Amino acid sequence: MRGRPAVFALATRRAAAEYLAGVLLILFILLMIAYTIDLAGNFPKLRTAAQRQGVFLPTLLFPYLGQRGVDIVTRMLPMATFFGVFLIEIFRRMRLESVMLAAAGATPARGFAALLWVALVLGSVHWALETRWRPAAIWAQVETGFGSYAQRFPRTWRDNTWLVAGDTAIRADILRDSDAQMRNAVIFHGIRDDQLQAIDGAARILPTATPLVWQMEGVTRWEPGNAGTGAAPLSAPDGTLDLALIPEQLQYHDVPGFYLPNGPLHAIAAMPDPPENIADIETAIWRRRVAWFLPGVVALLAAGLAHLGFEGRRVLIPHQIAFAAAGYGYTAAIKTFWSLGELGTLSAPVALLTPLLAGLAVAVLLIRRAT
């Protein structure tokens with residue numbers, strides 16, 4: 001019963017509101033800076049498109065800003081959480097709020113109860129951003145054709161693309177769209193054997209209703225031993241091709257896993273023959289699993305470091321600057337570990353849980369020291 005007043009008390013709610021306001025302020029500043037940089041390159045394109053389509057500029061600008069904002073907020077939320085909580089905790093100590101609460105009989109641990117609300121609110125937002133809102137915003141930009149993502153992931157044919165599925169390699173033009181398919185394909189069978197089994201050509205390769213089975217049209221074949229002799233390929237009847245490849249791999253070819261919607265992401269992860277980018281896919285899944293907890297850990301660490309930068313009632317400016325730099329380094333280290341997971345250097349659970357658990361351990365030690 002004693003825990004409930006600490007969590008729901010007026011002082012706790014007020015402190016939680018201040019923390020969240022600090023996070024929102026830092027996030028707003030970072031968002032405005034990012035918007036300024038982004039619009040420097042994309043505003044002329046939006047204006048030209050509005051003139052060409054005969055519509056008011058805001059009808060294109062505001063949706064674009066909303067889509068970019070979702071992506072920026074997802075990237076910046078951990079950093080904004082740290083600095084927002086860090087600065088608010090310093091201001092609260094400088095206003096002697098902790099001293100007054102202690103004089104009223106509150107324990108130091110009571111002050112950290114507000115961080116539970118911060119962790120709950122920001123964890124929910126971060127999870128929604130990582131799992132749903134950010135992928136939706138990315139692909140909305142691709143559909144509208146504005147911004148860097150529209151240039152990086154256009155829904156067009158990609159020429160002379162190499163794919164490896166099991167013991168089969170394919171060089172083809174692939175359509176990175178919802179009706180994923182291949183054209184002008186050359187299929188190399190048995191690439192893991194001492195000698196190729198056969199080489200097929202296909203004008204088109206289309207997915208079928210049967211998983212991992214593709215339909216070949218306009219088929220030609222080089223018989224074993226004739227592929228390098230200059231012999232002409234022989235016509236062959238159209239047929240099916242058993243291939244450890246699903247349409248989602250073409251639709252999102254060469255797209256980082258954390259940009260993928262949940263459905264395609266889990267479909268690729270569930271393939272019986274793991275694809276080449278399985279490390280990236282598994283890391284993206286684990287990012288979404290731990291998204292609930294990351295803002296809470298960062299907030300606890302920020303509050304603990306801010307408390308460490310005081311000597312009695314006196315704020316130690318050099319110490320606080322060093323702790324702020326350490327917090328920035330921690331948020332950067334988190335992304336470094338994520339990159340190691342995407343590259344396969346570390347397994348996905350290790351890459352995602354190591355910085356999270358390390359930050360939580362340090363935060364708990366600092367909070368215990370403060371209490």
Side-chain angles (χ1 to χ4, degrees), residues 38 41-42 67-68 70-72 74-75 130-188 191 202 204-207 211-212 214 241 243-288 335-336 338-348 351-352:
D38 185 89
N42 290 296
Q67 294 158 6
R68 287 295 297 129
V70 170
D71 180 47
I72 295 168
T74 307
R75 294 175 180 271
E130 284 281 3
T131 60
R132 299 182 184 278
W133 298 343
R134 186 196 209 179
I138 295 298
W139 296 106
Q141 291 177 64
V142 173
E143 294 298 330
T144 56
F146 299 119
S148 60
Y149 292 117
Q151 299 174 10
R152 290 173 59 188
F153 312 132
R155 299 296 202 183
T156 57
W157 288 95
R158 292 171 57 84
D159 297 337
N160 293 323
T161 300
W162 282 92
L163 303 168
V164 176
D167 66 345
T168 302
I170 300 176
R171 188 194 67 196
D173 305 336
I174 65 171
L175 180 59
R176 191 164 59 183
D177 206 343
S178 55
D179 57 340
Q181 56 183 282
M182 293 177 271
R183 70 183 183 188
N184 303 327
V186 180
I187 306 111
F188 302 86
I191 61 172
R204 286 208 309 168
I205 302 179
L206 304 170
L212 309 182
W214 295 72
L241 175 65
L243 194 62
L245 192 73
I246 59 177
E248 288 84 353
Q249 289 176 274
L250 300 186
Q251 183 179 357
Y252 298 101
H253 178 70
D254 204 23
V255 177
F258 57 87
Y259 290 142
L260 270 59
N262 278 327
L265 181 67
H266 288 279
I268 296 173
M271 292 181 61
D273 189 3
E276 289 186 309
N277 64 334
I278 188 61
D280 176 41
I281 296 298
E282 290 180 344
T283 301
I285 292 175
W286 273 90
R287 279 182 63 165
R288 299 179 187 192
K335 296 183 179 181
T336 300
W338 291 354
S339 297
L340 292 175
E342 292 164 359
L343 295 172
T345 305
L346 297 175
S347 67
L352 271 294

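All values reported here derive from a predicted model rather than from experimental measurement. Here, residue 1 is the first one in the sequence, and each next residue gets the next number.
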Which atom pair, heavy atoms only, marks the closest approach of [X] to [Y]?
| X | Y | value |
| --- | --- | --- |
| T74 | V70 | OG1-O, 2.7 Å |
| A284 | G257 | CB-C, 3.4 Å |
| D273 | G166 | OD2-CA, 3.4 Å |
| D173 | W157 | O-CZ3, 3.3 Å |
| M271 | A244 | CE-O, 3.4 Å |
| D280 | V255 | OD2-O, 4.1 Å |

TODO: With sequence neighbours excluded, tell me which residues meet salt bridge (charged side-chain N to carboxylate O under 4.0 Å, His left out) with E342.
DONE: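 So E342 forms a salt bridge (charged side-chain N to carboxylate O under 4.0 Å, His left out) with R287.
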Open item on the list: So, using salt bridge (charged side-chain N to carboxylate O under 4.0 Å, His left out) as the criterion, who are the partners of R204 when residues are at least two apart?
Closed with: E217
Name each donor-acceptor pair under 3.5 Å that joins a side chain in residues 260-269 to protein atoms two or more places apart or in another chain, with its distance.
{"unit_1": "N262", "atom_1": "OD1", "unit_2": "R288", "atom_2": "NH1", "d": "2.7"}
{"unit_1": "N262", "atom_1": "ND2", "unit_2": "T131", "atom_2": "O", "d": "3.3"}

Kindly indicate whether the side chain of [X], heavy atoms from C-beta on, has any atom under 4.5 Å from the side chain of [Y].
| X | Y | result |
| --- | --- | --- |
| Y259 | Y149 | yes |
| Q249 | I246 | yes |
| Q67 | F146 | no |

Open item on the list: Test: ring pair (Phe, Tyr, Trp, His ring centres under 6.0 Å). Region: residues 162-185. Which pairs qualify, not counting sequence neighbours?
Closed with: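 Residue pairs with at least one partner in residues 162-185: W162-F188.
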Open item on the list: Counting only heavy atoms not in R132 (residues, nucleotides, ligands), do more than 12 fall under 6.0 Å from its CZ?
Closed with: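 Count not over threshold, so no.
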Out of curiosity, [X] [atom1] to [Y] [atom2], how far, rounded to the nearest 0.5 Å?
| X | Y | atom1 | atom2 | answer |
| --- | --- | --- | --- | --- |
| R183 | I205 | CZ | CD1 | 13.0 Å |
| L352 | L340 | CG | CG | 11.0 Å |
| N277 | L343 | CG | CG | 12.0 Å |
| R171 | D159 | CZ | CG | 11.0 Å |

TODO: Can you tell me which residue pairs pass the salt bridge (charged side-chain N to carboxylate O under 4.0 Å, His left out) test with a partner in residues 136-147, sequence neighbours excluded?
DONE: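 Every pair satisfying salt bridge (charged side-chain N to carboxylate O under 4.0 Å, His left out) with a residue in residues 136-147: E143-R155.
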- [ ] Taking the six-membered ring for Trp and the single ring otherwise, decide whether the centroids of W139 and F153 are under 6.0 Å apart.
- [x] yes
Open item on the list: Let's go through Q141 and I138 carefully: what are the C-alpha distance in whole Å and the side-chain angles of both, what is the deciding distance for side-chain contact (heavy atoms from CB on, under 4.5 Å) to 0.1 Å, and is it a yes or a no?
Closed with: CA-CA 5 Å; Q141 291 177 64; I138 295 298; 4.2 Å; yes
Task: Chi angles and distances behind the side-chain contact (heavy atoms from CB on, under 4.5 Å) call for L245, T168 - done: CA-CA 10 Å; L245 192 73; T168 302; over 6 Å; no
Task: Those residues that, when tested against R158, pass side-chain contact (heavy atoms from CB on, under 4.5 Å) (two or more places apart) - done: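 With sequence neighbours excluded, R158 shows a side-chain contact (heavy atoms from CB on, under 4.5 Å) to T161, I174, R176, H253, D254, given in chain and number order.
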